[in-house]
Amino acid sequence: MIPERFITFAVPAGLFIIAILAFWTDEPFTITLTTRVAILGLAAVGLNIALGIGGLVSLGHAAFFGLGGYAMGILAYHAQTYSPLTLGPLVIEGTKSMPVIWIVAVVTSALAALAIGVLSLRTSGVYFIMITLAFGQMLYYFSVSWSAYGGEDGLSIYLRNEFPGINTLVPIQFFGLCFVLLCLALVLQARLRGSSFGLALNAARQAPARVETVGLNPVRLKLLAFVISGAITGLAGALYADLNRFVSPSMFSWHLSGELIVLIIIGGVGRLVGPVIGAALFVALEHWLGGLTEYWHIGLGAILLGIVLFSRGGVIGFLTGKAGPNV
Amino acid sequence: MSLLSVQGLQASYGEVPALFGVDLHIEPGMVMALMGRNGTGKSTTVKAICRMLPSTGRLFLEGQNLHALPSYKVARLGIGLVPEGRRCFTDLTVTENLIAAARPGPWDLATIGQLFPRLSERSTQTASSLSGGEQQMLAIGRALMTNPRLLILDEATEGLAPIVRQEIWSAIRRIKAETGMAILLIDKSIKELATVSDTAVILSRGQTVWAGSMLDFTPDLASRYVGV
């Protein structure tokens, strides 16, 4: 059996090495695939904080991914058309600065997560799943009808946004940015999990009534986790929009929320690098099986079925022989 | 002013009434035994005090009305509960269980380790891998980590081997002697309760039928209301 600590370091290192090898062998498409893994991994790391530690099965996390994407799309659109964004008396200039876009994406997603969380966390179990799904779909249909930003057709951005000192149009440099953000999110997740907040959140997932007897408010713990989770997924949405230079309502789609959950289950729920393993397998299958047949999701489904039936802790559980992080 | 003042406490499970008027008053540093036959409302009283069950009547902790508070705020005010059946956070390690409950005060990982050296030895094990006795020690340790002013132990020695039971009782005596913490005890062992407790309250059919010093607790009361 492989120690989990080794996997935790080996997976990001492996992703980095593949991107560097692709750079040396002049394979920009492979670099784009590793960038996609880093971004989807980042989105799933966000969800893993809510789902893996807090036990919150959100089927509406695409809402935050889409908000992050549209934050990028709208700001970049106004920058490229030299037209300010007018919100009542407020006039906001567009921007092509990635740091500014990231801040807007994170704040927007966090505020949305706060609003959705306050209402959704009044419920639990299947009702929580349904309410988060409903919020996600509300935003999906809103984006479809938002003709100012492309409506159903989406919105194209001609140039990738800028980051000081980096040429983001060079694939390996853009990968580097996404990889650093993924690593920061992984460090944050590890710190959160080991902190008293993370332990209390974990306890609240196991027994909400019991944590109250030690003076902890389970709803507040879960709400904070949901907000942090939404903010990270929103950041991933902004990066994803930059990678494709395109935003569309599909970023809000419930399919994407489901895929993020699948990534986590494949890698291992609550495991630190589980979402990255899930994202890597997902992108690899999409690329290789997708080249053979448009029904490649059947292959993904078979893998998911195998993992659920035979390895309770996902790929990491299979490799370590442990069903959970502490088991 | 009493630390905990309960007067005319009534509670029910849905439509089914369970408490009809419980009175008890705990002073700071006092150890009180809450006694009665099975089903007389001892655990229900504890749940009502901790606001885990809706109730009516007077319920005050140092003059603060607990009825106005949710259960987590009651715990923050200083009531530490060791619930019946241990109920540790099974996926967390011993240390993680303790850290999750930690609040500022004299009780920390070191002092809990001194009280229960077995927990120190098992610090990296998950709660689910501990024996029943060790889980009970962890449940007590977790309640102490909240640094309460009143510790409530609901059947803390139930279902444990005699030698482990003795360890738990020794720990309770040590808490009483070294910290002067107020303790409310529910247990089936009248002999042990009599040696640790200063006062006792007896419940019968959901109400207080006797309250007084442990010195006044007679075999007649025991056979009439407690069934021994």
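What you see is a predicted model; the values in this text were computed from it and never measured. No hydrogens, no waters, no symmetry mates; every other heavy atom, side chains included, goes into these values.
Of the listed residues (Thr90(B), Ile79(B), Leu77(B), Val74(B)), the greatest number of heavy-atom pairs within a distance under 4.5 Å of chain A belongs to Thr90(B).
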Practice item. Step by step, work out the side-chain contact (heavy atoms from CB on, under 4.5 Å) result for Arg205(A) and Asp91(B). Key: CA-CA 10 Å; Arg205(A) 171 180 60 80; Asp91(B) 288 357; 3.6 Å; yes

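Only the side chain of Met52(B) comes within contact range of chain A, with heavy atoms under 4.5 Å apart. Both the backbone and the side chain of Ala101(B) come within contact range of chain A, with heavy atoms under 4.5 Å apart. Contact of Arg51(B) with chain A is not made at all, since no heavy-atom distance falls under 4.5 Å. With a threshold of 4.5 angstrom between heavy atoms, Ser128(B) does not approach chain A through any atom at all.
Counted within 6.0 Å of CZ on Arg173(B), heavy atoms from surrounding residues, nucleotides or ligands total more than 12; the atom is thus considered enclosed. Crowding of Tyr127(A) atom OH: a count of heavy atoms from other residues, nucleotides or ligands under 6.0 Å not exceeding 12. Open room surrounds CZ on Phe318(A); 12 or fewer heavy atoms of other groups in view lie less than 6.0 Å from it. Residue Phe16(A) qualifies as open at atom CZ: its count of foreign heavy atoms under 6.0 Å is 12 or below.
For Arg142(B) (side chain) and Val214(A) (main-chain N/O), no donor-acceptor pair under 3.5 Å exists by modelled atom type. For the pair Arg210(A) (side chain) and Cys88(B) (backbone), a donor-acceptor distance under 3.5 Å is present.
In this structure, Ala75(B) and Gly215(A) approach most closely via the heavy-atom pair CB-N, 3.2 Å. Residues Gln206(A) and Leu92(B) share a closest heavy-atom pair of NE2-CG, 3.7 Å.
Here the CG-CD distance, from Asn202(A) to Glu96(B), works out to 7.5 Å after rounding to the nearest 0.5 Å.
Counting heavy atoms from C-beta on, the side chains of Leu199(A) and Phe89(B) never come closer than 4.5 Å. In this structure, the side chains of Thr213(A) and Arg87(B) stay at 4.5 Å or more apart for every pair of heavy atoms. At a threshold of 4.5 Å between non-hydrogen side-chain atoms, the residues Leu216(A) and Tyr72(B) do not count as touching.
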